[in-house]
Structure formats: C-alpha cells, structure tokens
Amino acid sequence: MDDSKFWPKGTTRCKPVHFGLWMLFCLALAGWALVSAFLCLYKGLNQTNMNDYFAFGVWIVVDLAIIALGAGAFFTGFMNYVLRREELKNIINAAVIIGFICYSGAIMMLGIDIGQPIRGWFGFWHANVHSMLTEVMFCITTYLIVLIVEFVPLILENRQINKVPDLHFFAHNLHTIMIVFAATGTFLSFFHQGSLGGMYGVLYARPFAARGGVLIWPWTFFLFILSAIAAGPSFTTSIVMITEIVTGKKLTTHKVKMLMAKVSGSLLLFYLVLKIADTLYWAFVQTPAMGLSPSVYYQAPYGTWLLIAELGIGGVLPCILLLSPQVRESYWILLLAMLLNCFGVTMNRFVMTIQSLAVPVLPFEKFYAYLPTWQEWGISAGVIAYGFIIFSLAYRYLPVFPQETKLNPTTD
Amino acid sequence: MSSSASEMRFGMVIDVDKCTGCGACSVACMSENNVGVLPDETDKIRSITWLRVYQIDNGQPYPNTQIAFFPRPCQHCAGSQGHHTPCVSVCPATATDRDPKTGIVSQIPTRCIGCRYCVAACPYHARYFNWYDVPWPEGMDKPLSPFVAPRMRGVVEKCTFCFHRYQRAQNKAFTSGEAMGEMDYQTACTEACPSGAITFGDLNNPEHKVHELKKSPYAFRLLERLHTDTAVYYVSAREWVRRQADNYLSGEKLAKVQAGGGH
Amino acid sequence: MLPFVFEWQWDIGHGVFMGLFYLALTIVSLGVVAALAMTFYDLYSGKEVHEEGHGHEDPWADYSYAHDKADRGEYA
Amino acid sequence: MATHGKKQDNRSPADWWLFVLGFVLFAAVGFWATPAILYAEKPQPFQFSHKLHMEQVGEGCQSCHAFREDGSYTGIPSLEKCKECHGEEPMGETPEEKVFSKDYVAKNKPIPWQVYSKQPPCVFFSHAAHVANAGLECASCHGDHGDTEKLRTYEYNRLTGYSRDIWGWSLIPLDGPPKRMKMDDCAKCHRDNGVRDACFVCHK
Amino acid sequence: MNWDRRAFVKFAVGAVVGLNASPLVPKLMDDVAIWTQNWSWVPDPETGAVAFAKSINPATQTGVKARLVKARLSGQRVIRVEGDPEHPLSQGGVLAADAAAPQQSYYQAMRVDAPMVRKEGVRGRVAAEEAVQKVAAKLKALAQAGKASQVAIIADDPFSVTGEMLMRLAAAYGTPNLVFMPSAKQTLALAGGLMFGQGDIGFDLANATYTVSFGTPLLEGFGAPVAVRKAFAAWRKDPMHRATLVQVEPRSSVTASQADLWLACKPGTEGVLAYAMANLMIQAGKVDSAAANAAGFEQFKALLAGEYSLEKASQASGVPADKIKAVAEGFMKAPKAVAVCGPGNSGDPGRLFDFMAVLALNAVKGNLGKPGGLVLRQGVAWKALGGPLDLPGAPRLDGGGKRIMGSYSAYDLAAAALKGQPYPLEALIVVGCNPAFAGPQAKVMRQLIDNTPFVACVSEFMDETAELADVVLPKASFLECWGDCATPYGAAQSFYGVHQPLVSALPQTKSAGDWLLAVAKLLGGKAAEALPFAEAKEALAARAEGLGGLEDLAAKGYWMQEKPAYGFSFKTPSGRLELAPSALGKPAAPAAGVAPSKERPLLMAGIPSLRTGAGGAPMSPYQVKILDEITLAHKDQLVVEINPQTAHAMHLGEGDMVEIASAAGKINARLHLYHGAAPGMVFVPVGLGHTAFGMYLKNKGANFFEAVEVAADPGSGLPQWALTPVSIAKAGGVSHV
C-alpha cells in the first residue's frame, strides 16, 4: 500500500506500516474516548466525579487549556497577515491546523460536558447577552468556522486534490484574501479568550474567582487574553519541534522558531507583570475585604504549591529563558522553555476552574477535593488523540511546511 | 433598594432559635415539588434537596458545645451595586430569570442545557444538577403532584418558593375577584415547620408578618458582604450563630456588617 | 438570537452583541463568497492550472506576489 | 462569454439541470415527506358531536368545561359530568351513544379522550387568567372545535408525543392560534396586550 | 448523457441545498430538543380537582390533612400529607415522617400487597380466606389440645381500638401472653400510681415559663413531637423575653443546644439532680403544703439532706454545684415551673427512680394541678367494646403477673419462651409492629421466631419480622383504613384521633382490626362473641359513641379535652401525697447504675432524632435522603459520635471504621469526633440497619438494637436499655479523610 503519490512534492515520509502503527495507537486512545463518551451520554453525567460543588471538572480545564494554547493560530495569523511579519509564513499552516484541532476538540468535549447536548443550540436561540458563556459560545463557534475556512485551502493543496482545477483555484483565491479571515479571527479570538476569563471574573459571589474590572470586563478578561497569546505561539512552535524530533526532519528554519519564542517571551513578561499585580491585590486587598484570608483558599490538596507552579515554574522561569538570546539559540532548552510556558497557562486554567470551586463560601461549608474518573480522563485523552491524528495526517499529506523541501535536500 | 408599589418581594424570615433540624421542611418541600430519590443518597454533594438543613456548632469543647441549624432554601437574590442576581446573569440560555414583580428567581428545566455555570456561580449551593435519571419504581410515581413538572436528567433545578402555589392563588383571585391575601400564598416548608420557625410573605408589604420580623436587631442574612441582597432573613439571639452567617477576619467584630439592607 | 423570540427587548446589550456577531459572520461569509466568485471567474476565464509540470520546491514561487518579500531568496 | 481554451467544450450546458433536479427532488422530500412521517394518528374512543350538545345545554361551553371554586379548570369533563344527563340506556339512536352507554357509563370506565390542546407537562396554562380575567373567547384558541359535528382525527408528533394542534400545523410564525400555538405565539399575544411576563407565569 | 463523477457531484450538491431549503432541518432540530423535554421515563402526573381530608398519623400522633387529587382517568390519589391548622395539638405542623407518608404507603416494594403463606420454606401469595383459615385452624387445634396459653401475641399500642380488640380476643381465647411494646406511658403511670394514686398525668408545657427536662429528648421524640414543638414555639414567640428551658442530659443534643441552659451530667444521674434540687428547695423552706404534710415527708427530707446534698449530687453527677443551685433557684422563683420526665434518649421507657424523683420535685414545687405544672387528664370517654372478660389463670411467660401493675416486656417473654419456663411457645402472633428489628428484644426475638412452630404476622410492610413469619396478612396504611390513636405521652389534655380511608387500599389489604375479626369468626365460640362486629369500622363506631359518633368525629379528625383540668386529687392508700409510697415503704432510691468495666470501658447510648424514624416503622425514602453525613456516611456506613478526648485516648481518629461490641452483640460503624458527646460514651443513631424494605433502606447503617444489653428496671420491671457497656476497636477498612 504505497501512498507516496499523496505526499507533498519533494518530501519523504515514513513507511506506511510505521504510520499505520502510530495511527493504531491514536485510534486506541480515541476508542477509549468513544467508550467514555457513550457511557456519559447513555447513562448520564453520573459517570464522572463532578457534583453540585464541582460543577466543572477536568473537561472544562482541558477545554480552557487547549483553547488558550490554540491561540497560536490567531496570533500567528495576526502577526503574519496583519503585521506583515512574512517569515511567519513558514509556520502559519501548522498554527492553523493546531488551532483547528484545539477548537473543534474543545467544542466536541463541551458537547458531552453539558447535560443536554441536543438542546445545545438553545444558547444561540434564547441567548442571554449579559452572560459571558453566551459570548464564548457565539465566538468559539464562529471562530471555528473561520479556522475551517483557513484550513480548507491547505487541504485543497494536497498534490492529488490540487489537480482538480475548481479546487485549485478556490484554494488559491482563498489564500489571496486570507488577511480578511485572519483579521476576523483575531477580533473573534480577542473576545472569546477574554470571555473565558470573564466567565470566572464575573462570579462576584465567589471570592476566589471574582475580580474587579472596567465596564463589563473583569481583569481576568484581559489576563486570559494575554496568557493565551503568550502561550499560543509557544505551543505551536513546540508541536513543530516535537514533530521535527519525531520525524527527524528540519521543518522550519531556526530563525522562525526564535521569532516565535521572542514574541512569546515578551508577551509572557507583559502578562506576568499584570498577573502578579492582580494576584497581590487580590490576596491582600480584595480577599480581606470579603472577610477571608488567602489561607482559606489554599488548603490540602490545592496548596500554595499551585501558585508557585503557575507563576513560578510556568511563568517567571520560561519568561527569563525565552527572553535570553542564548536560550533562543539552543534547541532543547528552547523547547523546554516553551513547554513550561504552556504548562503555566494550563495550571492557571486549572486553578481558576477547580480551586475556585473547591473553596467554600459559606463559613460552615467544607473544602472539597476533586479527582476525575477514568471516563473523564478518557475523553480528555480522546481530544489529544484527535489532535495527533489530524496533525499526523496533515503533516503526511499536506504541504504544511514550505521550507521542508529546501531544508531536507533529498539525495535523488 | 427602591420598590415601587406593584413590585412585591417574596421572602422568608427563619428563626434559627426555634429550628431543631427535624427536616420536616426539607421533606415537605421534596414531596410538594416532585423531587426524586436515588437508591444511594449518601453522596451529599450530589443529593438534590431544594431546602438543605445545615448543622452548625459553636466549636466549644464539652460541656459548652452547642449546635444549631440553618435551613437553606434558594435565597432568591436580587443582586445590588450593578451586579445582577449571581445565577441569572450567567445563564447562557435564559433558563433562569428573576421576576421583578415577585422577586422570585425562576428555573425552567425544559430550557436548561445543563452547562451548570449557574451551579458554580451560586455561593449558597442552592442549585442542584440532575446527575442521574431519577428512578420511579412501581408505585413511587403515584404521590406526584400535577402542579410541578418532574425533571429529567441533565438539567438544573432549585427552590422556587413553591411558585405553583402562587399560580393557584392567582387563579383563585382571578375567578373570585378578591386580591391575594398573605395566607393564600404560603410555601410548603412554611406550613410544615412544627416550630413555626419559617415565616413567608411579601417583604415589601407592611401587613405581612415578614415585613416586621426582618427588622429585628437579631436578624441577619447569609453572606451579606457579597451584596447578593438575598430575600431570606435569619433571626437568632445567639451571637455565635449570627457570626456563622458570613466570613469574618479573626479580629473583626460582628457589628461591622449590618443586616437589613444596610449597604 | 432573533428579534421575534419570546423575551426579546432591544437594549444596548443586544445591539452591541448581535451587531458585532452578525458583522463577523457577514465578513466571513462575504470572504468565502468572494473566493467562490474569483474561482468561477478563473474557471471561465480559462486560466491554466499549474500542475506539477515543473518540480519547483516552493508551491508559491510562481505566483507573482508583488508584496511577498519572502521568496526573494532570503532563506536563512 | 467568449470561449477560452479547450476547457469550455466538455462542459455541456446540460450539466446544470442535474443540480436543479437534486434541488427540487429533495426540497419536495423536506416539505412533503417529513410531516407525513413525523405525524401519526390516534383514534378517539368514539365520535362526539359538540354541535348536538351545544344545542341542548344551557350555558354553552361552561356547562361542561367549567371553573372550580378554587379557580382551577375542569378541562375535559369527567364521566360523572356526562352522567348528569346520560344513563346506562342511550338517549338518542346514534351508534356512538350506544358505545358510550354500554362500554363506559355501564362499566363506569372513564373515557380516554385524545385531547387536542393538551399542553406539555412543563406548561401552566391558566384558563382563569385568560377567560375569567382577560375575557377571551374559547374560539380564539380552540377555533371552531365547539361547533363541530364530528371529532377530527387526532394527530400527534411521533417524536415529541404532543398533539399536532399545539405545535405542528405550520412552522412559520405568521398565523397565530388556533393554527399555531407555540410559545412564541402565546408570547406575541401577551406582548401585543402589553403583558410583561416572567417565566413562571406560564411554566411549572 | 454520461453519468460521470462531475454530474453526480452536481446532483448531490443540488440535493443538499434543496433539503436545507425545506423546513426539515429546523423542524427536526426543534422536535428533537422537545423530545428531550418529554422523555417517556419521566412521569407526567395527571391533574384533577384538589380536595383535603383530615386524618391522624398513629406513628407520630400528628393531626394531618391529606391533599388529594381526583384525576379524571387515574382516580383519587394522595399527593401531600400536610399539617392540619385547626388541630389543637399539631396546629398545622408536621414531622418529616408525616410529610413522607404518601411515599411510604404507595411504594410497592416496601408494602405487603397480598396475604402470604410459607409452604415448605417458600413463601407464596394466597387468597385472604386461605391465610386466615390457616391461622384459625392452628389456634383452634392449640385450644383443643389445652395449650391455649402457649400462644403469645405482640402488638404496639394498647390504647388503640386494635389493642382493645386484641385484649378481648386474647382473654376470650385463653392466653395471658398479650404483650405490648414497652413505652414511657407505663413508667409514668406506675410512678404516678405510687405517689399520687393517679396514672393519667400530663405536663402543661404550653403555659410553663420555666421547664427543666430530666434526661428526655423533649424536642426530639417526646410525646407528640409536633405538640411539644408548638409549646416550644410559644416559649420563643418573642426573642427578647423567652420562657426558660433547662435540659439535663450527658450529650449536647438538639434539645440541649436549643435549651437556655444545659446541665451536662454523667449518664444515669438525672434523678439524683432532681432530688438535689428538691433538697435545696426544702432547705430554703420553699415547700408546698401538699408536700409538707405528705406521707413520709420527714423520711424523704432526711434522705435528701443525707444522701442528696448539693456537694454529693454535684460530685455524683459531675455538674458544677453553682449550676445546680442556679437552676434550683430559677425553678423555685418561676411562677409556673414544671420538671419533665419521659422516654430516654435510646427510646427506652425510662427508669422509675428518675420519674419518681421528677414527680417529687414537682410536688415540692407545688405545681400539681396548676397552670404550667403537672395536670391530671380526664381520660378519653370512649365506650368499651363489650362487657369485662375474666383473665385466664395461667402464669404469664414474661412474669408480668408478679410485677406491680402488670408491666409488659417482649424481651422477657422471648427469653422465657426460649428457655421453655414455665412453658414453651406454640404460636406467636405479631400485630402492627416489627419486634425482630425495633426494640431491645430484636436478637432474642429472631431466635424465638425460628424456634416457634407457627408465626403469624399482620404487617403493613415486608419488614424483618414479616420475612421470617409463616403467614403474613397485609395491613392497610393509616391513609387506607379506619383506625384511631389515643392521648400521646405527656399531653396536658386527653385526646383521641381518628384516621379514615382516603385512598383505595391495595386490593388485598385490610386494617389489622378486620383481620382479627376474620380470625375470631373462624375460631367461633367465646372469641367470636368477644368481638361481635362485622368490620373494624363498626368496632370504632362502638368506641366513638362516647365521643359523639364516628361520622362527625371522622370529619373533625379528633376529639379533645377542651382545656387542661387544673386541680389535683390523690387516690393513694393514705389519701394524700405519698413521698414514701406505701407499696415501697420508703422514698424511691436508685439501684446500682450500669457501670463500664475494664474490657468494656465505654457506655453506649442512642441518639434521639426525628429524622431516623420512630420505632419499627420503616423510614420512607425522603427521610433516608435527609440523613446527613454525620448519621449515614458514604457507602451506607452508620456514623457514631464520640468525644475527641476519649477517641484520642483510645488512638482513634475521625472517620475510623470501628466495631462496637457489648455482651449482647456488635455493630460496625464509622467514627465521628463530636465535642458535644460526653467523655467515656459513644452515641449511636437509632432506627437504621434494616435488612428489609428494598433499595431505599436495605442494609443502610447498622441496627443499634443489635448491640443493646437489656436489664429489667428494678423499680418498674420494664426492660431498660438506656446505657450499655461496650468496647470499641478499629475494624480495618480504610479511614476516609
């Protein structure tokens, strides 16, 4: 079974049997997810460990994390098309694919997470415009459409599909006006990344999550955007680097990676300054005003190590690394710094979801901990498997990396 | 909080010193509103009791230990200082809404998509999600009331201040012509309480008992500092009970936050 | 999300929210329609399809991007 | 358009009719086939003539469908109400009444009528508010059901289980009750009469 | 026309666009969403006319009003049991058990829905005639063989019409072994009889301004709980100046917490405190005239001064002397003060000494027959069902005859029958109670049932006793049949409540009275003459003639003495108050209390709670649901309370799985550290641990009565199980922090 004629021009891919094995592994993960999804849909959400205190569980954490990490798509697109940083052209395709994976994966997970998926469209039909979640639902679905529109031309550039004239021209024309979609995507992403943060900031009756703000947007609105665009490029670049390690090929010049790292690092710095200011204000001014002390927030097992992990290991450390030129020159330490950056934003999403629900508000309530069931892990793993499958297929059959042929001169 | 003549604000005054935690209010509420029972109800944070009776104690060692009870229905918050009712403002599908005419927060299970954002937003844990499809074994569906629709799985439900009794009182008023009196619309828990600890009525109406009771110096509300402006007042002559209603820093004195809309 | 739905009352919240939302939707759909239109134009103007006749590494190379500085040989 | 290059000739103009054929065929399926599959019929226990009864009773609809003193509404009358006039021996000669007297009155078995306007369990419709307070005519929602000779066939939605009268005759919100009785139609009538309502006014 | 791929694509695109142009997609989306709102497995209760009917719940003695819906197709059903505002005792209040009653009677799996007979070990449904015939045949055979006295009957309430019918049937049939579940009414009647010659005593709580409750859960199961709570509400009407309530008991219970003052005494020393307060009042010269010239007053005064001085009492009870003094003074000064005694915290009938000490304190205060004090009740003027019948001569199995005033003990009966003295048991009939589960005799009763050749059971629920019985006759619930219940314990006015059938009973079920009449008819002879009624309603009507006829009694739901009868008369042998009762010859004195030993260092007592249900009747699903995690923990483990210091001393921690073992048996539970628990004690919820009743109740928690040790109370001869010495040890199983 030789699929070489589908490979992008001038590139070599691993033998189909290796690719088949890899696909089998991913499909096994996806199978586990399907079983979990069936159980949750058929028997109901009692299959999870969520309850009336933990209305949100690991699914929402993963949703928020992959949408934050998927921000690489819109921000790279924004820099490439709107800010005319042309060298990002070599990584924009990967960014778009990762963005598409994250958003479509998140929406599928939300489909299972809500109690009545069949009534999901009520959020659009009977919209409550004052709710941050409505804004999230509107923007995420619209931005997914934008991502699909950005992903389609890449698919149509597969060597065989490109032969069909209609599709060839359609892909080309879409590409010429891509700036329109990139700009709309940026506008939409700005709002829903913010609204995901706003979702927690507006909970004025939940002291841990509540924040002051400007007009209708709590500070978490802006903090979530900043942390997303700080982590997005890192996530995209680290995925590309991991693909390079796995396939043994150089996919983009190191210059592109250094640029992404530099952007990521500076945004991370900007975010950390604001985040630490917000945390200090929240811990020493806002919380006492509500009659609570930070020690109430940090109880076993969600102790202060979470703060250190989020802002220290996941924040300050990668920021320093990404901003120092020697690190950006290196390969492995750069990869490590970017992964730490992603780890930081994931911890932030975890803390804002799980810990804010664990903290009791009524003085006579108890502090509860939460541990997902295998079904919940199954569906989270399913999204990751879905990502592997889509990215592997895209890498194998679509011309994702323009510089690949030049960087890996084939012998014949 | 301004209240025009036509605007009613139904609320409760619960005397904690009369409540002995017997649970009659909780059971009467579940029987009145067709709340189901799962085979295993020991997981208390998944058990649906619209009115949950919390047990609190003064933390003193033997022999000065004292316990008391907070029956906690939905507080039907009005929200204040620019904030809406905590749960109503967050629902994406407008499945829950606060009726300005009666001050009651409604919950429509047939529109709820089960995203549970309102459950996370409510600081009083007064909202419950149907994690299970409630089993109705042979005979258990007979004592169901036709005036409240039983809920399906995957939706949120909460105390409605027995609004179906307001609807029936409204029907009676329409056909008989007289206006609705205080005693025409009473909740199931108010009627059930053997110690008469719960009083229900229109907080804005001077003739209703609650209008006076909420003015007692011993009256307080849960989590007053969050400015949720709740409709359920609690009364207790014991200072340690009043102190359990809100979060205080160790040194803070109780008088700092006064009940009865002193914000 | 449509004005004839039950509890619809116009207020600035609705105006701003729905306005921006429909704006974004129209921009995206116009973009796609524009691409389709250009495709039909290309099809019927008989433009040639540049298949793999010449194994040029960079698929974008032969398209004259006046503005595309990238292909003026500045690979690192 | 001018012909350009060799592409033009292998596209025969006949191609487009295939698109139109597909369009028309499936549009027909959508418009005609789905209602036929979606809605099914259930027979009434026996025929009933409102017209015949309206001529003989004193206060029109209220004589059988009346208010109770606590303001609730009887809706479909119970067997006891029928027994106020009917006995075990049929009064007229119509075959329906024989079935009624023999199978139901004699056996004292309640009549399992298919109710055209049965609202979903989550709806609280107050006749008191609409008839006693707002003074609406029965026909404004029930149409000419009161003067029909025979009961029309009862159709219900296979998927939702609700009678077609309340949610199924027409999709577009132009024609209101009795042709279309979805939530928006009730809301429209409320809005036109300046009644600002909360969810719990109509839901339970 | 070449049908190539491009043509097919065009057709397909046309089809898709065409389909979306039709209303198919929005219609299906809408209908599928509506389908989720109308699932078939979610019930749609039928509406109908609402009606109300009055009734009384015999289990909780609350006057209730059932809310009925008369639906067009499915007929009449009860949807709510609410309080009856016009009822003088309950005044509209209900308990959790009342509000959950509809579930209890409708839930099929719990109910016995048809008569059952066990053939070769397999229990099968039979027709009513066959079941009754089997019971009657067995009894007739025994009577002919002269073994009539070797039949025992266990019932729950001696004052109900069923109780009276059972007395007449037992007497007519010829067996002396009719035993009722022990209750505090008997202890109070005994104490009153000894000191005043009056058994029918009540406490006028509503008018009292200073109440001292000795060792009884006043707010958690004393008398008619709702009536007491209405008095409690009256005390607390105005939060600024409230009537005082003092609770005397070892544990910080609900009553102790709601009381204005709690005297945390050592277990079993409540009576000592009552005597000490009386002594203080005598020392202060504040003695009522009736007490001053009571029989044996000098002897009483000397005993109190000697044995029960302030220091001795404080030392014995562990309560600081100044607190005892303060309460004694408060009791002295208050215009309308009353001391209250009643059922113990473990549901036991109470110790006679404690009751007599409390009555003596009331006598010294002089509130006998005064508002807010001890009052005599007029007694319900119901008509007896027939002429007096002579009691059979044979000795009673539970040795009841020897004791004063015929007290009952199912425990002694079971123990004696097992030993075969004075004679073995041939047949056992259980009517309307669940002795194999509820009550100290649970373990012994199960052995007795196994060894008794014939066991018949008239039961509403398939409970533990019914599951072991040979014949089970389905009893109707109080919502489905005629029945009554008499004055609750400690009520100030005598009372008589009637419940009527509001809902068509399950086809085969009848009231207990009907089943007795059916058996009596088949027995014929004297038994038939003793109960000359066609159905139980007729017997009730006969009884109700004294109270103005059954019809308007049923409509009103109750008969009640208008207001408490103030004024007091003594019917003692000496014609006056007897502080040293002639039957005893000296004032009451406590016997040696139950003491913990080395290998059983702790004392176990029950936790009185209105949530865990009353007596053998099962808790309905709603009641099980409101048990919080300090009563029934995750995975259905019972939770017991222990004082943190005691637990620490025994190296036990919060959430440990422990095994509590006494001489009689052992139970497994999870430990909960509670500051309010008295040191050296462990407190166990009562009423859980059923092994029957289907998924809502089966195997939830452990049964307190499995580990209870029973001893006869030296004074009243009634079984006494308030305190049991137990050992406590970790029982493996991971502790859930």
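Every chain is numbered from 1 and lettered A, B, ... according to where its sequence line falls, protein lines coming before strand lines. Predicted model only: the values in this text are computed from it and were never measured.
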| field | Arg611(E) side-chain N/O to Gly21(B) backbone N/O, donor-acceptor pair under 3.5 Å | value |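 Judged by distance alone, yes, a pair lies under 3.5 Å.
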
| query | Does any N or O in the side chain of Gln37(E) come within less than 3.5 Å of the main-chain N or O of Thr110(B), such that one atom is a donor and the other an acceptor? | reply |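 Flag set: sc Gln37(E) to bb Thr110(B) pair under 3.5 Å.
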
| field | Smallest separation among heavy atoms of Pro45(E) and Ser145(B), with atom names | value |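 Distance-wise, the nearest heavy atoms are CG-O, 3.4 Å.
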
Can you tell which part of [X] gets under 4.5 Å to a heavy atom of chain E, answering side chain, backbone, both or neither?
X: Asp133(B); answer: side chain
X: Tyr54(B); answer: neither
X: Ala68(B); answer: neither
X: Cys193(B); answer: backbone
X: Gln60(B); answer: backbone

| Asp17(B) pairs by salt bridge (charged side-chain N to carboxylate O under 4.0 Å, His left out) with which of Arg242(E), Arg236(E), Lys237(E)? |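 It is Arg242(E); the other options fail the test.
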
| field | Pair Tyr62(B) + Trp262(E): ring centers closer than 6.0 Å | value |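 When the ring centroids of Tyr62(B) and Trp262(E) are compared, they turn out to be within the sub-6.0 Å range.
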
| said: Under 4.5 Å from any heavy atom of chain B, what part of Leu627(E) do you find: side chain, backbone, both or neither? | reply: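 Only the backbone of Leu627(E) comes within 4.5 Å of chain B.
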
| said: Only heavy atoms, only distances under 4.5 angstrom. Which residues in residues 42-53 of chain B are near chain E? | reply: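 The stretch touches chain E at Thr42(B), Asp43(B), Lys44(B), Ser47(B), Ile48(B), Thr49(B), Arg52(B), Val53(B).
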
| said: Looking only at side-chain N and O atoms, does Arg229(E) offer a donor or acceptor that is under 3.5 Å from a partner on Thr20(B)? | reply: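 Looking only at side-chain atoms, Arg229(E) and Thr20(B) do form a donor-acceptor pair, the distance falling under 3.5 Å.
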
| Residues in side chain to side chain donor-acceptor pair (under 3.5 Å) with Glu239(B), at least two apart? |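 Result, side chain to side chain donor-acceptor pair (under 3.5 Å) vs Glu239(B): none returned.
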
